[in-house]
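Notes for the one structure printed next.
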Amino acid sequence: MEKIIIQGRKKISGKVNIAGAKNAALPLMAASLLVDGWNTFSNVPVLRDIRTARLLLEHLGVEVKNGKEIQINAKGLHSYTAPYELVKTMRASILVLGPLLARLKQVKVSLPGGCAIGARPVDQHLKGFELMGVKIEIEHGYIKAKTRGLKGAKIYFDVSTVTGTENLMMAASLAKGTTILHNAAQEPEVVELAQVLNKMGAQIDGAGSEVITIEGVSALKPVTHEIMPDRIEAGTFLVAGALAGGTVEVAPSIPSHLAALLQKLEEANVKLETKENSITVKGGGSLKGANVTTLPFPGFPTDMQAQFMVLLSLSEGMSAITETVFENRFIHVSELQRMGADIEIKGNTAIVRGVKHLSGATVMASDLRASASLILAGLAARGTTEVTRIYHIDRGYEAIEEKLRGLGAELERVKDS
Ligand code: EPZ
């Protein structure tokens, strides 16, 4: 195991390069299963989850070439089983369900199971596939699904689901007839997937709105695509700049992908400057409390909740953070309290009273975004902070300590006895 040791209160300044979006790369790698021939993706982030996705594709018989770009060819697709050993390490493996049903008409995928932040059910994915003519059995922890051929359907999601929307959009691309997804997720990653599927020859309308219409086609063709920048990595560095900054430029980053976060940062008295492909934050001002409710896009992103809580912990006055997307996404609170944060949890709301400073401590990461919040707290705290179980952060942040050191932060990764 490894940990990151941070010396707090070092001012950070400069320009930080944002990697490709993890939550865009993962569905796009799954979409490669839909076509025979070489798909080429550039700007793919170097992350544990991307390596896991590659292992899963190779397990299915898909050829993957890694380099500056990732090239994927599903011509050799021969297996329809996604084993528990791989799926349990990355829930997004569920995204192979739709493409495998479209290509092989059957699939056996381990149920992803829950994770630290919640039960993470996939009932909406399965409901959609059943409406498209798929017979589904759950047996020994596996989803076994078969179809004589996917057919278009009207699907009303009971809840907005990002990978549910993506899974069904991919399956519907090769189904017979028209599929309409109501209450669809509107995240930028969903829009990017629809754009790439249309480049492949799919006929998808409405991505980015809550109603997506897909006209099934008989076949798709391979494409080349550059993955968009990771909006959550960008948001995380904006909070870092607000907490410990001089002036930090975050690029490439697309302001419209983070509009709700940017507005909340400004409400908290954070100074921002936006350009077409970059956002600059000027730290050092006095922070003001603000109330936040996480919502599906275009609302405030749940993946920024833990990071923003650190900022509010050091903001003047009282703030309320309500988490409406996941049922257990306050695990970072107890660790922040150990660093001196004044936070009280009432149901799915955390009441945060600003304090003058946090103090460094040894804390434990529990999930991807919680680990980011603990690193941010360490940057702002007085003294030394040790963040253990740092493997969580490697799932979603490429070279985070190098990037922070490049801005002037003092931190290092060491073995944890
Ligand atoms: C995606 O997860 C992201 N992961 C998550 O990012 C992100 O937090 C989440 O969307 C919300 O924005 C990827 O894109 C790979 P959901 P996903 O289905 O699709 C409930 C990160 O940090 N739900 O939109 O799994 C579910 O329990 C990760 O990068 C059902 O009830 O999330 C949750 O309460 C963490 N039934 C809500 O919907 C279903 O069938 C939103 O989940 C599906 C979901």
Side-chain angles (χ1 to χ4, degrees), residues 19-31 45 47-50 52-53 56 87 89-98 109 111-131 136 138 143 155-170 181 183-193 210 227-228 230-236 257-258 260-261 294-307 322-329 331-332 348 365-373 392-398:
K22 167 176 86 80
N23 291 349
L26 293 173
L28 288 171
M29 290 175 78
L47 301 170
R48 253 183 57 207
D49 276 6
I50 300 296
T52 306
L56 176 58
V87 176
T89 60
M90 186 185 67
R91 303 189 60 268
S93 308
I94 192 76
L95 285 166
V96 302
L97 199 53
V109 173
L111 270 168
C115 71
I117 63 178
R120 312 293 295 274
V122 291
D123 58 300
Q124 299 299 305
H125 300 236
L126 304 184
K127 160 182 155 173
F129 289 123
E130 282 175 334
L131 289 167
I136 289 174
I138 307 281
I143 300 162
I155 298 166
Y156 289 81
F157 286 118
D158 303 333
V159 61
S160 169
T161 160
V162 173
T163 47
T165 302
E166 292 167 343
N167 227 338
L168 286 148
M169 201 160 66
M170 289 190 280
L181 303 179
N183 197 19
Q186 303 172 48
E187 272 66 9
E189 294 77 15
V190 173
V191 175
E192 172 142 313
L193 175 63
E210 57 184 7
I227 290 175
M228 69 182 185
D230 192 308
R231 61 193 171 100
I232 303 301
E233 185 191 16
T236 303
H257 288 179
L258 282 168
L261 172 72
T294 64
L295 286 171
F297 195 89
F300 187 97
T302 175
D303 292 349
M304 281 299 306
Q305 180 256 105
Q307 301 91 310
T322 303
E323 172 57 60
T324 69
V325 177
F326 289 111
E327 67 270 26
N328 190 33
R329 205 167 198 176
I331 309 168
H332 46 283
N348 68 340
S366 53
D367 62 86
L368 168 54
R369 305 306 172 183
S371 35
S373 76
H392 288 291
I393 202 128
D394 297 331
R395 299 193 50 175
Y397 290 89
E398 185 184 287

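We count ligands from 1, going down the list as the structure has it; atoms in each ligand are counted the same way. All of these numbers come straight from a predicted model, not from anything done at the bench.
- Separating the CG atom in Leu368 from the CZ atom in Arg395 is a distance of 7.0 Å, to the nearest 0.5 Å.
- Of the protein's non-hydrogen atoms, the one nearest atom 32 (O) of ligand 1 is Phe326 CZ, 4.0 Å.
- In terms of protein heavy atoms, atom 18 (O) of ligand 1 is closest to Thr161 OG1, 2.7 Å.
- Here Thr163 has heavy atoms under 4.0 Å from ligand 1 in both its backbone and its side chain.
- Atoms CD1 and CG, from Ile227 and Leu28 in turn, are 5.5 Å apart once rounded to the nearest 0.5 Å.
- Using a 4.5 Å heavy-atom cutoff, the side chains of Gln305 and His332 are in contact.
- Met304 contributes atom CE, which lies 6.5 Å from atom CD1 of Ile232 (distance to the nearest 0.5 angstrom).
- Closest heavy-atom approach to atom 44 (C) of ligand 1 within the set Gly164, Pro121, Ala116: this belongs to Pro121.
- The heavy atom nearest to atom 35 (C) of ligand 1, considering only Met304, Arg329, Arg91, is found in Arg329.
- For the side-chain contact (heavy atoms from CB on, under 4.5 Å) with Leu126, the qualifying choice from Asn167, Ile136, Leu131 is Ile136, the only one to do so.
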Step by step, work out the side-chain contact (heavy atoms from CB on, under 4.5 Å) result for Phe157 and Leu168.
-> CA-CA 11 Å; Phe157 286 118; Leu168 286 148; 3.5 Å; yes

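- Neither the backbone nor the side chain of Pro27 has any atom closer than 4.0 Å to an atom of ligand 1 (non-hydrogen atoms only).
- When heavy-atom distances to ligand 1 are checked against a 4.0 Å cut-off, Val159 comes that close only through its side chain, counted from C-beta outward.
- Residue-ligand proximity, Leu368 to ligand 1, at heavy-atom distances under 4.0 Å covers atoms 22 (O), 29 (O).
- Contacts of Arg369 with ligand 1, taken as heavy-atom pairs under 4.0 Å, involve the side chain alone.
- Of all heavy-atom pairs between Ser366 and Ala116, the closest is O-CB, 3.7 Å.
- When only non-hydrogen protein atoms are considered, atom 15 (C) of ligand 1 lies nearest to Asn23 OD1, 3.4 Å.
- With Leu111 as the partner, the side-chain contact (heavy atoms from CB on, under 4.5 Å) test is satisfied by one option alone out of Val122, Ile94, Val87: Val122.
- By the criterion of a heavy-atom distance under 4.0 Å, the side chain of Asp303, and not its backbone, is placed next to ligand 1.
- To the nearest 0.5 Å, atoms CG (Asp303) and NZ (Lys22) are separated by 7.5 Å.
- Residue His125 has at least one heavy-atom neighbour below 4.0 Å for each of these atoms of ligand 1: 40 (O).
- Taken from CG in Asp158 to NZ in Lys127, the straight-line distance is 3.5 Å, to the nearest 0.5 Å.
- Other residues, nucleotides and ligands place more than 12 heavy atoms under 6.0 Å from the CD atom of Glu130.
- Taking a 4.0 Å cut-off on heavy atoms, Pro296 fails to register as neighbouring ligand 1.
- The Arg120 neighbourhood of ligand 1 comprises atoms 2 (O), 17 (P), 25 (O), with distances under 4.0 Å to a heavy atom of that residue.
- Ranking protein heavy atoms by distance to atom 11 (C) of ligand 1, first place goes to Thr302 CG2, 3.9 Å.
- Counting protein heavy atoms only, atom 37 (C) of ligand 1 is closest to Val325 O, 3.8 Å.
- Nearest protein heavy-atom neighbour of atom 36 (N) of ligand 1: Asp123 OD1, 2.8 Å.
- Side chain of Asn348 to backbone of Glu323: a donor-acceptor contact under 3.5 angstrom is found.
- Shown in contact with Gln124 at under 4.0 Å from a heavy atom are these atoms of ligand 1, numbered in order with element: 36 (N), 39 (C), 40 (O).
- For ligand 1, the atoms lying closer than 4.0 Å to a non-hydrogen atom of Val122 are 39 (C), 40 (O).
- Using a 4.0 Å cut-off to heavy atoms of Lys22, the atoms of ligand 1 that qualify are 21 (C), 29 (O).
- For the pair Val162 and ligand 1, the shortest N or O to N or O distance falls below 3.5 Å.
- With values rounded to the nearest 0.5 angstrom, Thr324 atom OG1 is found 11.0 Å from Arg329 atom CZ.
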